[in-house]
Every structure is written in C-alpha cells, then in structure tokens.
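For reference, positions follow the sequence shown, starting with 1.
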Amino acid sequence: MWQDLKRIAALAWPVLIGQLAVIAFGVMDTAMVGRASAFDLASLALGGSIYITVYVGLMGILVALSPIAAQLYGAGERIAIGEEVRQTFWLALFLAVPGFLVLSHPQFILRLSEATPELEARATAYLHILAYGLPAAMLFRVYSSLSTAVAQPRIVMMIQVTGLALKVPLNLALIYGVDRFGIPALGSTGCAIATTAINWVSCGLGLLLMARHPKLREFGVFTKFCWPQWQAIRALLKLGVPMGLSYLIEVTAYSFMAIFIARLGDVTLAGHQIAANLGALMYMLPMSIGIATATLTAQAIGSRDYKAAQLVGRRGVELAGTLGLVVALLMWLGRPLVLAAYTSDPLVAAVTAPLLTIVAFYHIFDALQVNAVFVLRAWKVAVVPTVIYAVSLWGVGLGGGYVLGFDIGGLSPAWLHGATGFWAANSASVAVAAIGLLMYLRWVVHVKGAATSVANAQA
C-alpha cells in the first residue's frame, strides 16, 4: 500500500506544481483584472469560458497519446512511441484549424449570453488574440502528454513554472499599462496578449526538450519525417474523440453556466468567475493524483501486470478522496480570507460568499470523479464515462441549474435563484458523476481481473 502511494506521490507532486502554475495564470488574470474593473472581469469570464471550451475539447483528443504511450513504455516499445508522437503532432495541427476559426468568429456563441454590445465586443477582442496562441498550446499538449506518460513530469513542470514567471510582469504591464514605455492599460485584452506570447514560448521549449532531453530523445521523435498515416490517426481518434467529448462536456457545463449567468449582470458574473476560479484551483490536486495514478496504471497494463494496475488505481482514488475532504474543509473555514484576496467590491463579495460553501461541498465529489475517469482512461475505456458525464453534467448540472437559477416553473426557493441555483445543481451533477464512474470502474476492473485469471489458467 505505502509503496503504491509513494510512487503516486513521486509523480503527482511535479504535476501538481505544474498545474498550479497553469491555474495561477487564471487566478492572476481574475485577481488583476478584477481590481481593474468589474466590466473587464466580466469580459474575461465570458471570453475565457468560450476559449476554455474550444481548447479543452480539442486538447482532450490529444490526451489519448498518454495512455497509448504509457502502455507502449511499459511494454518496452520505444520506437513505437516516437511514431505515435509524430502522428499526434499532425493531429494537433489538424485540430487547431477549426479551433482557430471558432475563436476568430465567436459571435454566434457570444449571442447566447445576451450580453451588452460593449461586453460582447471586449470578449471578442480577447478571443481574437487567443486564437493565434491556440496552435502553440495544442503542440505543447503533445509534449506534455508524452512526458507524463513516460513518468517525466518534472520537465513539463519547469516549462509551466517558467511561463508563470513570464506571466507576472507581462500582466502587470499590459493590464494596467506602463506610461514610461507608452503601453496603454488594456485590461482583459492584455491578459490575452500575455497568454498568447507565453503559449509560443512554452511550445518552443517543449519541442527543444523533446529533441534534446536524454529521457525523451530515445524515442527518436525528430529522427525522421513522416506524413500523416491515417490508420494511426484513426486509432488515436478512436480513443481520443470520446475522451475529448468528455472534456468538452465537463468544460461546457461550466462555460455555458457562465454564459447563462451573464444574463444576470456583470456583478453576478464576476462573483461566479471567482467561485469558478477557486474551484479550478482546488481541482488541481486531485487531477494531479489522477494523472500520476493513470500513468502508473497504464504502464503496469503495458507490462501485463494487471494485478498491480488494479491496486495502484484503487490507491489513487482512495488518496484523492481523502485529500479532497481535507481541502474542502480548509477552504470552507477560510472563506473570509478567500473573499478578501479576490475582490474589494462589496457587491461582488455578497454574490460570491454563498457560492464558496457550495464549492467546498462539490470539491469532495470532484476529487473522486476525476480520479475514477483517469484510471478508466488508463485502461483505454472512454465511451461509457463520456455518457455518464453527458447525463450528469449536462442533464443534472446545466439543465437543473437553468431551472433553479432562473426559477423555471416558479418552484425554485428564493435562496436558489441566480448563480446559487446553478452552483447547487452543478454540485449535484458532480456527485452523480462520481458515483456512476466509481461503480463503472469497479465493474471494469472486475472484468479485466476475471479475463486475466482465465488467460493465466489457460496458459
């Protein structure tokens, strides 16, 4: 038991630091822009929700490289890993094209928010700039997936921390302006410029390390050129599309919540943005454990040690659930400090305060569901989890939130009107997802274990 936990922790902590650096981008954008103006914060929330929807949906397809490469690594097939990476590069470039087009022409999505023309124009400018950083973000995801799959998350972490170090001065200069150098205060637009620049820096560093780092060079990614091989890309898509859909379902449950909450005004949307940002920050710990657990599980599967795969998967879920309880309690106790750190606007604070209690509750189930789904992906199981996500997050969460938040039918109690209703339904949906995924994971492991026993008996 302790040996498994040590192995998970050894991989999880650099993933956690790297993911905290990434989420710190959003935290800094929210905190810095929030102190500039509520209008800029609302445009950040609206534009950011659309960008995340596009990026995460496409990125989720590329994450299919992780379980594939991890199983190949466990089987000792190094050259095959390099070929999979080259094909994933092609897939990343293909996927970046529709993503760029959507971000460059987001008006059809923005209209769903019924935002003011001024807010829609600012969010559009934000997305236009981020569109030029999307290809770099997609290519970096290939590098990140490979490094994590072969248990080298520290080299990913170093790039992510470097990006954070660059983000701080760029944000200060571009959000608030620097009169000495003639840089105007750009608000949320400045965040987009900083993010796009850092995306390209991170992409360049990732490609350089993939070619030069001794732990990655052995896969020979750049030793030869090859054109797209549709059979290999089809195999990536077979696993990646349902994975991407599950990511898309998860993120759209939140992004459309932001779009609907935008109808309630800038102040309410700003309060929602703080709660969402905090929830994303807390999510990083269980997600890091999930990534580490999935890597070890997939490597054990590749080496045909199915018993070890089952054990390490279970340990990861147990660890994430325990830490989820601890983090939720600490966040709930520290609500006044959180509010003070995020906003000085009393109206925004009044909207945010009840949401923080709900965020603490839903984090417990969020920790369980993310680890269950990562372990399932390690087994290359992705279709049923996607269905579970669709029913729970879209049906219970987004649909239920719409009914409660806007008091459809007149049955919603007053305290659940507005953003509180959306977040209450979202918490219920995450609980449903966690229960469904854990039950399905138990069934999958039982089936795999039974199949292994039969195979061993026949041998």
Which pair of heavy atoms, one from Glu250 and one from Leu393, lies closest together, and at what distance?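 Minimum heavy-atom separation between Glu250 and Leu393: CA-CD1, 3.6 Å.
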
Tell me the closest heavy-atom pair linking Ser429 and Ser392, and the distance in Å.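 Shortest heavy-atom separation between Ser429 and Ser392 comes out as CB-O, 3.0 Å.
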
Stepwise side-chain contact (heavy atoms from CB on, under 4.5 Å) check, Lys167 with Thr195: CA-CA 7 Å; Lys167 180 73 167 171; Thr195 299; 2.8 Å; yes

Kindly state whether the ring of Phe365 and the ring of Tyr362 have centres lying under 6.0 angstrom apart.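 They do not qualify: ring centres at least 6.0 Å apart.
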
Let me confirm one number: the [atom1]-[atom2] distance from [X] to [Y], rounded to the nearest 0.5 Å.
{"X": "Ile159", "Y": "Ile198", "atom1": "CD1", "atom2": "CD1", "value": "13.0 Å"}
{"X": "Asn371", "Y": "Leu319", "atom1": "CG", "atom2": "CG", "value": "8.0 Å"}
{"X": "Ile8", "Y": "Arg315", "atom1": "CD1", "atom2": "CZ", "value": "9.0 Å"}
{"X": "Ile289", "Y": "Met284", "atom1": "CD1", "atom2": "CE", "value": "12.0 Å"}
{"X": "Thr357", "Y": "Trp332", "atom1": "OG1", "atom2": "CH2", "value": "7.0 Å"}

Could you tell me whether the side chains of Tyr283 and Gln19 share a donor-acceptor contact shorter than 3.5 Å?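 Note: Tyr283 and Gln19 side chains miss the donor-acceptor criterion.
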
Do Arg377 and Ser246 get their side chains close enough for a donor-acceptor pair, meaning under 3.5 Å?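 Side chains of Arg377 and Ser246: pair found under 3.5 Å.
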
Applying ring-ring contact (aromatic ring centres under 6.0 Å, His included) between His272 and each of Phe256, Trp423, Phe422, Phe260, report the one that passes.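 Checked Phe256, Trp423, Phe422, Phe260 against His272; only one passes ring-ring contact (aromatic ring centres under 6.0 Å, His included): Trp423.
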
Fit a plane to each ring of [X] and [Y], take the angle between them on a 0 to 90° scale, and name the class: parallel (under 30°), tilted (30 to 60°) or perpendicular (over 60°).
{"X": "Phe406", "Y": "Tyr402", "value": "perpendicular"}
{"X": "Phe100", "Y": "Tyr132", "value": "perpendicular"}
{"X": "Trp443", "Y": "Tyr440", "value": "parallel"}

